[in-house]
Amino acid sequence: MFFDGHSDIFTDVTVRRLKGETQVLKNHHLPRLKQGHMEGGCFVLWIDPPHDVNPAKRMHELMQCIKDEMAECEEAVLVHNLAEIEAAKKAGKFYILLGMEGLSGIGEDLSQIDMLYEFGVRHAMLTWNEQNALASGAKGNPNCGLTQLGKKAVRMLHEKHMLVDVSHTNERTFWDMAKINAGPLMASHSNARALVDVPRNLTDAQLLEIRDTHGIVGLNSFNIMVGNTISEQTVTHLIAHAVYIADKIGVEHLAFGFDFCEFLEGDTAGSFSDQENTFTIGLEDCTKVPAMVEKMKTAGFSQRELDMISRGNWMNFLQRVIG
């Protein structure tokens, strides 16, 4: 069974519910997740373009749609800690940990982090590519990092024992976050920049820093982060990222954060490419994950290591951070 450290499914839930649909998880996602042997994941609230012009409004739309969807869905449950994860598994339910793919929706009001925590959020990135009141993302000014308000936000997230995610930050923000040294850092969906030089991938120095904070890196299947050309954007090249990261920082720091978004339309991931598709060939959606894991065996990963990458490392990390 697998845990996915990054999913945008709640964006699809919101888009469909605002058009009048109900039971979106049951009708569109849970069957495929079950087919892919997914037992749970971190589902984020993402301020999707063009709604990023009014991020606060979109954030509250997402929250309302998630609340309504989960009130209807008997097959899935929101979880807040490891004990609730184990209880959900025992009950045969798909479990969802809520996260924030950027905090642009709170503007300059850090008290809303408390509100999000009460809503059930246990994970947060400061930015999704953009530059906001807290930090500069991968498409922001490279000379700007954490703002003073952003530094307070990072400390607050650590104090609340939330997962602090550096995916989508620029390098300056990353190192500003590392300097605070208040707790472990994670990159929920990022690959190795040594193999594909795009801003969303991690340099060797960043990988080592995450290791030294006792953090974790989730392997990302978004194609432009996997290979430089379409012919290289294959599951074989994604496995090469897994091998590289495991060799560089240890297999105990490697996990999955697939970032599947084939079900979304438009500029779904803020890519640095004009390619029409977002998927990796051979890993087009979650149903292909078991086949990819089988291929990882031929790349030298043992069954014990695959169990760690598939689920164990995430569970250990969640227990250490959120309890």
Side-chain angles (χ1 to χ4, degrees), residues 1-18 21-34 36-48 58-103 105-106 112-125 157 160-165 186 188-189 216 218 255-261 263-264 286 311 314-323:
M1 300 298 286
F2 310 116
F3 180 88
D4 186 356
H6 183 83
S7 174
D8 292 303
I9 282 176
F10 274 146
T11 297
D12 188 53
V13 167
T14 299
V15 169
R16 291 179 181 274
R17 290 194 71 92
L18 291 177
E21 283 194 53
T22 59
Q23 292 281 11
V24 179
L25 287 174
K26 180 178 180 179
N27 293 334
H28 295 280
H29 295 286
L30 290 176
R32 287 199 304 172
L33 290 164
K34 183 177 180 180
H37 298 173
M38 295 289 175
E39 68 174 40
C42 182
F43 285 20
V44 295
L45 285 74
W46 168 50
I47 311 299
D48 50 323
R58 189 59 164 181
M59 183 178 76
H60 287 283
E61 285 179 340
L62 285 157
M63 292 172 69
Q64 188 61 54
C65 288
I66 290 167
K67 181 180 179 180
D68 294 343
E69 180 74 16
M70 296 310 297
E72 296 174 353
C73 186
E74 297 181 355
E75 296 83 4
V77 62
L78 297 181
V79 294
H80 309 91
N81 52 51
L82 193 63
E84 292 181 5
I85 287 174
E86 294 303 328
K89 281 191 63 184
K90 187 175 181 180
K93 294 182 182 288
F94 185 88
Y95 59 87
I96 298 169
L97 187 76
L98 280 182
M100 297 297 299
E101 189 162 19
L103 289 173
I106 72 170
Q112 291 198 50
I113 293 177
D114 291 323
M115 178 272 294
L116 290 169
Y117 187 89
E118 290 301 315
F119 184 71
V121 172
R122 293 297 183 270
H123 154 281
M125 304 173 216
L157 294 170
K160 296 183 79 65
H161 300 283
M162 294 173 68
L163 307 178
V164 181
D165 194 343
M186 59 176 278
S188 60
H189 57 305
I216 197 167
F256 292 142
F258 290 114
D259 198 17
F260 292 123
C261 48
F263 47 82
L264 299 177
C286 65
R311 182 183 187 275
W314 271 123
M315 296 303 110
N316 289 335
F317 187 69
L318 294 177
Q319 184 174 40
R320 285 191 287 115
V321 179
I322 65 175

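Computed over heavy atoms, backbone and side chain alike; hydrogens, waters and symmetry mates excluded.
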Compare every heavy atom of L30 with every heavy atom of C73, then report the nearest pair and how far apart it is. SG-CD1, 3.9 Å

Please check if the side chain of H123 supplies one atom and the backbone of L98 the other of a donor-acceptor pair under 3.5 Å. no

Do V13 and L25 make a side-chain contact, defined as non-hydrogen atoms from C-beta onward lying under 4.5 Å apart? yes

Shortest non-hydrogen contact from G5 toward S188: O-CB, 3.7 Å

For the atom pair SG (C286) and CD1 (I9), what is the distance rounded to the nearest 0.5 Å? 6.5 Å

Determine the minimum heavy-atom distance between M59 and L45, stating which atoms define it. O-CD2, 4.2 Å

What is the distance from atom CD1 of I47 to atom CD of E61, rounded to the nearest 0.5 Å? 9.0 Å

Using 30° and 60° as the class limits, which term best fits the ring planes of F2 and H37: parallel, tilted or perpendicular? parallel

Ring centers of F43, F94 separated by less than 6.0 Å: yes

R122 side chain vs G99 backbone, donor-acceptor pair below 3.5 Å: no

Which value, rounded to the nearest 0.5 Å, describes the distance between E75 atom CD and K34 atom NZ? 10.0 Å

Using a 3.5 Å distance criterion without hydrogens, assess whether the side chain of W314 forms a donor-acceptor pair with backbone atoms of F256. yes

What I'd like to find out is whether the side chain of W46 reaches to under 4.5 Å of the side chain of M125, using heavy atoms alone. no

Taking side chain as C-beta onward, heavy atoms only, is E84 less than 4.5 Å from Y95? no

Out of curiosity, M38 CE to S7 OG, how far, rounded to the nearest 0.5 Å? 9.0 Å

What is the minimum heavy-atom distance between L62 and T11, and which atoms define it? CD2-CA, 4.4 Å

Which heavy-atom pair separates R58 from V15 by the least distance, and what is that distance? NH2-CG2, 3.8 Å

If you round to the nearest 0.5 Å, how far is OG1 of T14 from CE of M63? 11.5 Å

With sequence neighbours excluded, what pairs up with E21 under the side chain to side chain donor-acceptor pair (under 3.5 Å) test? R16, H28

I need the D8 CG to E101 CD distance, nearest 0.5 Å. 5.0 Å

Write down the atom of A124, the atom of M162, and the distance for their closest heavy-atom approach. CB-CE, 4.5 Å

Does D4 reach the main-chain N or O of F258 with its side chain, forming a donor-acceptor pair under 3.5 Å? yes

Sidechain-backbone polar pair: E69 side chain, V24 backbone, donor-acceptor under 3.5 Å: yes

Step by step, would you call L103 with L116 a side-chain contact (heavy atoms from CB on, under 4.5 Å)? CA-CA 10 Å; L103 289 173; L116 290 169; 3.9 Å; yes

If the condition is side chain to side chain donor-acceptor pair (under 3.5 Å), which residues does D114 pass it with, not counting sequence neighbours? K160

In the structure I gave you, are the side-chain heavy atoms of I322 and L97 within less than 4.5 Å of one another anywhere? yes

Whether D259 side chain and H189 backbone form a donor-acceptor pair below 3.5 Å: no

Is E72 paired with R17 through a side-chain N to carboxylate O contact shorter than 4.0 Å? yes

